[in-house]
Amino acid sequence: MEREIKFSYKYFNSINDAPEEYRSILSEARNAQSKAYAPYSKFKVGSALQLESGKIIHGSNQENMAYPDGLCAERTALFAYGANHSDEKIIRIGIVGDGDLLNEKSILSPCGSCRQVMAEFTLRQDKEFEIVMLNGDGSVISVPGISELLPLTFGTKH
Ligand code: THU
């Protein structure tokens, strides 16, 4: 038997066309980006989590001269949330990045490891949270939850 998983996302030509809640979380991610430490890749990424209460948790990529020891902006924010604020649920995450790795043709979407971690936080709070991304050409993409980006997730029933 063949089954199909559909992938749906929202697309806006520019940040100005996106709804206020997306502009706001991307602006928080932009603020977070200023704290990125990326002397090796020169690719600075900022992320921001919005919680139910409206509280914002910022993250940015933090690199190390022993390259694999660095951490992405998304997981920096998610683990800070897990350590300090996990009594309330995450509503959405915004992600922005700048550097040669992101050109007009590329989308800024979370790496596989960050997706796996997002999947587990989703499982823990038993509720999907939106993922809002600002692409290299200035367009905005959002998905309602990690199941769009990581279908057939390890540990879930399908
Ligand atoms: N990076 C992130 O922080 N988030 C992403 O979604 C993609 C990649 C970081 C990891 C590394 O510090 C740099 O960007 C280059 O890969």
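Values below: every heavy atom of this structure, side chains too, minus hydrogens, waters and symmetry copies. Counting begins at 1 with the first residue of the sequence. All values derive from a computational prediction rather than experimental measurement. Atoms within a ligand are numbered from 1 in the order they appear, just like the ligands themselves.
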CG of Asp126: more than 12 outside heavy atoms within 6.0 angstrom?
-> no
So do Ile57 and His85 actually touch side chain to side chain, heavy atoms under 4.5 Å?
->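 They are in contact (side-chain heavy atoms under 4.5 Å apart), so the answer is yes.
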Atom 9 (C) of ligand 1: the protein heavy-atom neighbour that sits closest, reported with distance to 0.1 Å = Asn61 ND2, 3.5 Å
Do me a favour and list the nearest non-hydrogen protein atom to atom 16 (O) of ligand 1 with residue, atom name and distance?
-> Leu101 CD1, 4.0 Å
Any idea which part of Ala73 is under 4.0 Å from ligand 1, heavy-atom wise: side chain, backbone, both or neither?
-> both
The answer for which part of Ile95 has a heavy atom under 4.0 Å from ligand 1 is neither
With distance as the sole criterion, is a donor-acceptor pair present between the side chains of Glu88 and Ser53 under 3.5 Å?
->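 Looking only at side-chain atoms, Ser53 and Glu88 do form a donor-acceptor pair, the distance falling under 3.5 Å.
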For atom 7 (C) of ligand 1, decide whether some protein heavy-atom distance is shorter than 4.0 Å.
-> no
Nearest heavy atom to atom 13 (C) of ligand 1: which of Glu74, Glu63, Arg75, Arg115 does it belong to?
->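 Nearest option to atom 13 (C) of ligand 1, by heavy atoms: Glu63.
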The one among Cys72, Gly112, Pro39 that brings a heavy atom closest to atom 10 (C) of ligand 1 =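 Residue with the shortest heavy-atom distance to the ligand atom: Cys72.
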Does ligand 1 have any atom that is closer than 4.0 Å to a heavy atom of Gly70?
-> no
Counting distance only, does the side-chain N/O of [X] pair as donor-acceptor with the main-chain N or O of [Y] below 3.5 Å?
X      : Y      : answer
Lys35  : Ala32  : no
Glu63  : Ser41  : yes
Ser139 : Asn135 : no

